[in-house]
Amino acid sequence: MKLQNANSNEEMGRLAADIFTDAIRAKPDIVLGLATGSTPLTLYGELIRRYGEGIADFSEVKTVNLDEYVGLAGSHNQSYRYFMDENLFNYINIDMGDTFLPDGLAEDLKAECERYNEVIDSLGGVDLQLLGIGLNGHLGFNEPSDAFSSRTQVVELTESTINANSRFFSNPSDVPRLAITMGIQDIMQAKKIILVASAGKKDIVGKAMNGEITPQVPASILQKHPDVTIILSEE
Ligand code: GLP
């Protein structure tokens, strides 16, 4: 694993954007795996800026997101579909039909997971995967557990994650208890992985990079991936 230190969240966003824009230039129809949360926001802002300056072209890019809350419509302002539209897709020249997220309102959640796996497979897998990390080491919504997950699945969120994410909801009891997330195997199959983390995540990033590889710290599995760059902000 490579570690890059950034002095600020803005610098973290620029360093990540350099990797993303280079990758898009090298492969215009690249498949990007994308993440939500507050940490990727400076990267998305930088990609929008670079698109505006003609440095990045998203016209052939495809995206698959890591996860979505169960029970929230895409129009709900806390859904991850809404987040992606508002923080990236609406401001770049991507074809909305090429942006994929699980459907949190699907009636049959198991069938929705299978559909999502088929989407990932039909795109040929992810070329460049962006990750944040949860305070408990989760990736996407793959929470600490007894085994590393394989493919897209429905998960019960832990209290730690519900508490951490309640800051975005007007009422903490509105935080969904279930989510659909790509599995650890899906993440590990990405050709290249970029993980962004702010200073508050230093301890868990240290455990993930140097600690025991255990499903109790889902991000520790990244030690087994051949091409991971962690960009850690001091802010
Ligand atoms: C959510 C997402 C994760 C993300 C995490 C960290 O739980 N499902 O993919 O990594 O939040 O978010 P933040 O960057 O806001 O700390």
Side-chain angles (χ1 to χ4, degrees), residues 1 33-40 64-72 78-80 83 100-104 106 108-121 125-126 129-169 172-190 193-198 200-226 228 230 232:
M1 285 201 237
L34 296 181
T36 53
S38 47
T39 319
V64 275
N65 260 77
L66 283 170
D67 46 13
E68 180 59 284
Y69 288 117
V70 167
L72 300 191
Q78 289 309 324
S79 76
Y80 285 169
F83 176 99
F100 300 94
L101 282 94
D103 176 4
D108 183 341
L109 292 175
K110 200 161 169 273
E112 176 57 13
C113 293
E114 276 157 26
R115 182 195 70 84
Y116 206 62
N117 286 335
E118 279 162 22
V119 168
I120 298 167
D121 293 346
V126 172
Q129 176 69 55
L130 174 68
L131 297 173
I133 183 169
L135 280 171
N136 60 6
H138 75 208
L139 295 180
F141 272 133
N142 291 281
E143 299 280 34
S145 72
D146 294 337
F148 288 111
S149 62
S150 53
R151 304 220 55 193
T152 308
Q153 54 167 346
V154 178
V155 286
E156 251 177 71
L157 302 183
T158 59
E159 279 309 311
S160 141
T161 298
I162 291 169
N163 287 339
N165 291 4
S166 65
R167 68 188 192 276
F168 300 114
F169 289 78
S173 65
D174 291 344
V175 184
R177 268 35 193 177
L178 296 178
I180 299 176
T181 183
M182 257 191 216
I184 292 290
Q185 184 187 318
D186 295 308
I187 294 170
M188 288 297 281
Q189 274 172 355
I193 295 178
I194 307 295
L195 186 147
V196 288
S198 50
K201 305 276 178 58
K202 223 174 187 169
D203 288 352
I204 190 67
V205 167
K207 267 195 199 165
M209 286 185 75
N210 305 313
E212 183 196 349
I213 300 177
T214 163
Q216 295 300 334
V217 181
S220 63
I221 193 78
L222 297 175
Q223 292 178 36
K224 292 197 169 184
H225 192 284
V228 178
I230 297 182
L232 185 62

Minimum heavy-atom separation for [X] to [Y], with atom names?
X	Y	value
Pro102	Ile180	CB-CG2, 3.7 Å
Ala179	Leu157	CB-CD2, 4.0 Å
Ser198	Leu232	O-CD1, 3.9 Å
Met209	Met1	CA-CE, 3.7 Å
Pro40	Ala35	CG-O, 3.9 Å
Gly183	Ser149	CA-OG, 3.5 Å

Self-check item: Audit row: Lys201, Thr39, side chain to side chain contact (heavy atoms under 4.5 Å, CB included) steps and yes/no
Solution: CA-CA 10 Å; Lys201 305 276 178 58; Thr39 319; 4.1 Å; yes
Quiz prompt | Asp108 and Arg115 ion-paired at < 4.0 Å | solution =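 Looking at Arg115 together with Asp108, the answer is no, because their closest N to O distance does not fall below 4.0 Å.
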Quiz item: Distance only, no hydrogens: is a donor on one side chain within 3.5 Å (strictly under) of an acceptor on the other, for Tyr116 and Asp103?
Solution: no
Quiz prompt | Asn142 and Gln153: side chain donor to acceptor below 3.5 Å | solution = yes
[X] [atom1] to [Y] [atom2] distance, which is reported to the nearest 0.5 Å:
X	Y	atom1	atom2	answer
Leu222	Leu131	CG	CG	6.0 Å
Ser220	Leu139	OG	CG	8.5 Å
Phe141	Met182	CZ	CE	13.5 Å
Thr181	His138	OG1	NE2	8.5 Å
Asp186	Ser150	CG	OG	7.5 Å
Glu68	Glu112	CD	CD	9.5 Å

Exercise. Give a yes or no answer on whether the side chain of Asn65 reaches the backbone of Asp67 with a donor-acceptor pair at less than 3.5 Å.
Key: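 Between the backbone of Asp67 and the side chain of Asn65 there is no qualifying donor-acceptor contact (under 3.5 Å).
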Exercise. Answer yes or no: is there a donor N or O on one side and an acceptor on the other, between the side chain of Asn117 and the main chain of Thr152, under 3.5 Å?
Key: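 Such a contact is found between Asn117 side chain and Thr152 backbone.
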Quiz item: Can you list every salt bridge (Lys or Arg N to Asp or Glu O under 4.0 Å) pair that touches residues 155-169, not counting sequence neighbours?
Solution: none
Self-check item: Trace of the side chain to side chain contact (heavy atoms under 4.5 Å, CB included) decision for Val154 with Lys110
Solution: CA-CA 8 Å; Val154 178; Lys110 200 161 169 273; over 6 Å; no
Exercise. Go through the structure and list residues passing side-chain contact (heavy atoms from CB on, under 4.5 Å) with Gln189, not counting sequence neighbours.
Key: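 Checked Gln189 against side-chain contact (heavy atoms from CB on, under 4.5 Å); matches are Gln185.
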Quiz prompt | For Gln216, all residues meeting side-chain contact (heavy atoms from CB on, under 4.5 Å), sequence neighbours excluded | solution =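 With sequence neighbours excluded, Gln216 shows a side-chain contact (heavy atoms from CB on, under 4.5 Å) to Pro144, Asp146, Thr214, given in chain and number order.
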Quiz item: Between Phe169 and Tyr69, does the ring centroid distance fall short of 6.0 Å?
Solution: yes
Heavy-atom side-chain contact between [X] and [Y] under 4.5 Å:
X	Y	result
Val228	Gln223	no
Ile187	Val126	no
Val217	Glu212	no
Asn136	Thr158	yes

Self-check item: side chain to side chain contact (heavy atoms under 4.5 Å, CB included) between Ile120 and Arg151, intermediate numbers included
Solution: CA-CA 10 Å; Ile120 298 167; Arg151 304 220 55 193; 4.1 Å; yes
Practice problem: Go through Val205 and Ile133 one step at a time and tell me if the side chain to side chain contact (heavy atoms under 4.5 Å, CB included) criterion holds. | Solution: CA-CA 8 Å; Val205 167; Ile133 183 169; 4.3 Å; yes
